[in-house]
Colleague: 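Below you will find the structure I want to go over with you.
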There are 2 protein chains.
Amino acid sequence: MFSKSCEYAIKATIYIAVQSNQGNRVGLKDIAREIASPEAFTAKILQQLSRNHIIDSVKGPNGGFQIDKKEMTRIKLSQIVSAIDGDAIFKGCGLGFKECSEKKPCPVHDKFKVIRNELKTMLENTSVQELSLGLANGLTFLHR
Amino acid sequence: MFSKSCEYAIKATIYIAVQSNQGNRVGLKDIAREIASPEAFTAKILQQLSRNHIIDSVKGPNGGFQIDKKEMTRIKLSQIVSAIDGDAIFKGCGLGFKECSEKKPCPVHDKFKVIRNELKTMLENTSVQELSLGLANGLTFLHR
DNA sequence: AAATTAAAGGATAATTTTGTCCTTTAATAT
DNA sequence: ATATTAAAGGACAAAATTATCCTTTAATTT
């Protein structure tokens, strides 16, 4: 569904959100350990998230990553997915056709459209804030 | 969403279905041309479909691929997807966790579950027969 | 200002997915 | 029986994704 990079991105963002809510800025090592991801690879992903203004990064001692509390409800899963995987999953054809539309649909177009739109809606309506709450409250988990 | 292999598999199966409904057995070259896929790569995929009893293959002169008409309504999209991509898309966690369950859910578990189940249901209830009709009737397309 | 800390970024490597080529096997037709 | 046809299968290659290592840049602390 999502690329590995995107999975890491979502996990990392949620973890950073939890920590930011507690007033903590977190470093790469911390994040990679917490979400069980390769450190250097995770660094690249965090860079992308930072460039896309999904997270903030601070260099130097006591540096690290954080998310502005006021922005946290604004950030939706869809933005993370778009930033890392692009928007093929929201807009793309189920069979990968470039030109697949209402007037020239592929065989699965109508059936696929329904699912794709529901996925899109779900991602657009799910905030990082919301997901971080479940994690902070111990209702959800980022590792086994 | 689906791998390239799986996209080819679905396209090929639908095309074979249309031809089988018209009493034609079709060869690899024909299929690859029609669905705009690399020939040798498509051959591998057709082998997998054949091994999984989704299509039948016949060697030698006038050989090729076909689908039993009586079986055609039985074959669902879900079987093609399972055969080629496995069942991660039906069962897997949205964030890729091995152990993600109701009692130990990942942060997106509840929201993702809904979409995944709808996708599963759609694929399980969509027959190749059904999709081949739209194509045969000129309502849907396998190329631009 | 100098030393230290941590992210940014470039280069490279491993793995997986996608794609190609060539030989073998099995069926049909002559 | 032999030749021909077309799928099956093995080995290999290219491309994309995932992952690692090392240097540079930008902060903070001393």
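Given the structure is predicted, the values throughout are model-derived calculations rather than measurements. Residue numbers begin at 1 in each chain, while the letters A, B, ... track the order of the sequences. What's counted below: heavy atoms across the whole structure, side chains too, no hydrogens, waters or symmetry copies.
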Colleague: Any ion pair linking K44(B) and E39(B) (charged N to carboxylate O, less than 4.0 Å)?
Modeller: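 Looking at K44(B) together with E39(B), the answer is no, because their closest N to O distance does not fall below 4.0 Å.
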
Colleague: From the 5' end of DNA chain C to its 3' end, which nucleotides mark the outer limits of contact with chain B, defined by a 4.0 Å heavy-atom distance cut-off (strictly under)?
Modeller: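 Span of nucleotides near chain B: dT18(C) to dT28(C).
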
Colleague: Testing the basics here: between D85(B) and C6(B), what is the closest heavy-atom pair and its distance to 0.1 Å?
Modeller: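 Between these two residues, the closest heavy atoms are OD2-CB, 3.2 Å.
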
Colleague: Measure the distance from CD on E39(A) to P on dC22(D) and round it to the nearest whole Å.
Modeller: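 Checked: the CD to P distance equals 14 Å.
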
Colleague: If you check the Q47(B) side chain, which of dT20(D), dT29(D), dG9(D) turns out closest?
Modeller: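 Ranking dT20(D), dT29(D), dG9(D) by closest atom to the Q47(B) side chain puts dG9(D) first.
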
Colleague: Is any side-chain heavy atom of K111(B) closer than 4.5 Å to one of E130(A)?
Modeller: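 Yes, side chains in contact.
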
Colleague: For S37(A) and G60(B), take the nucleotide of DNA chain D holding the closest heavy atom to each; which residue's nucleotide lies nearer the 5' end?
Modeller: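 Going by which nucleotide is closer to the 5' end, it is G60(B).
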
Colleague: How do K59(A) and A40(A) order along DNA chain D: which one's closest nucleotide is nearer the 5' end?
Modeller: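 Final value for this comparison: A40(A).
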
Colleague: Hey, what do you get for SG (C93(A)) to NE2 (H109(A)), rounding to the nearest 0.5 Å?
Modeller: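 Atom-to-atom, C93(A):SG and H109(A):NE2 are 8.0 Å apart.
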
Colleague: Starting at CZ of F41(A) and ending at P of dT20(D), how long is that distance when rounded to a whole Å?
Modeller: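 Computing the F41(A):CZ to dT20(D):P distance gives 9 Å.
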
Colleague: Quick check on contacts: within residues 12-31 of chain B, what sits under 4.0 Å from DNA chain C by heavy-atom distance?
Modeller: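 Residues of residues 12-31 of chain B that come under 4.0 Å of DNA chain C do not exist, since none gets that close.
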
Colleague: Looking at side-chain heavy atoms only, is the closest gap between K76(B) and L123(B) below 4.5 Å?
Modeller: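 Not in contact.
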
Colleague: So which pairs with a foot in residues 6-17 of chain B pass side chain to side chain donor-acceptor pair (under 3.5 Å), sequence neighbours left out?
Modeller: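 Only K4(B)-Y8(B), Y15(B)-D30(B) qualify under side chain to side chain donor-acceptor pair (under 3.5 Å).
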
Colleague: Considering just the side-chain nitrogens and oxygens of Y8(A), establish if one lies under 4.0 Å of OP1 or OP2 belonging to dA19(D).
Modeller: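 So the side chain of Y8(A) is within the cut-off, an N or O lying under 4.0 Å from OP1 or OP2 of dA19(D).
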
Colleague: For S82(A) and D87(A), test the side chains for any donor-to-acceptor distance below 3.5 angstrom and give the result as yes or no.
Modeller: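 No, D87(A) and S82(A) have no side-chain donor paired with an acceptor closer than 3.5 Å.
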
Colleague: With a cut-off of less than 4.0 Å, is there a side-chain N or O of S5(A) near OP1 or OP2 of dT18(D)?
Modeller: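 So the side-chain polar atoms of S5(A) do come within 4.0 Å of the phosphate oxygens OP1 or OP2 of dT18(D), strictly under.
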
Colleague: Are any of the side-chain nitrogens in K113(B) or E102(B) under 4.0 Å away from the carboxylate oxygens of its partner?
Modeller: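 So K113(B) pairs with E102(B) through a salt bridge.
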
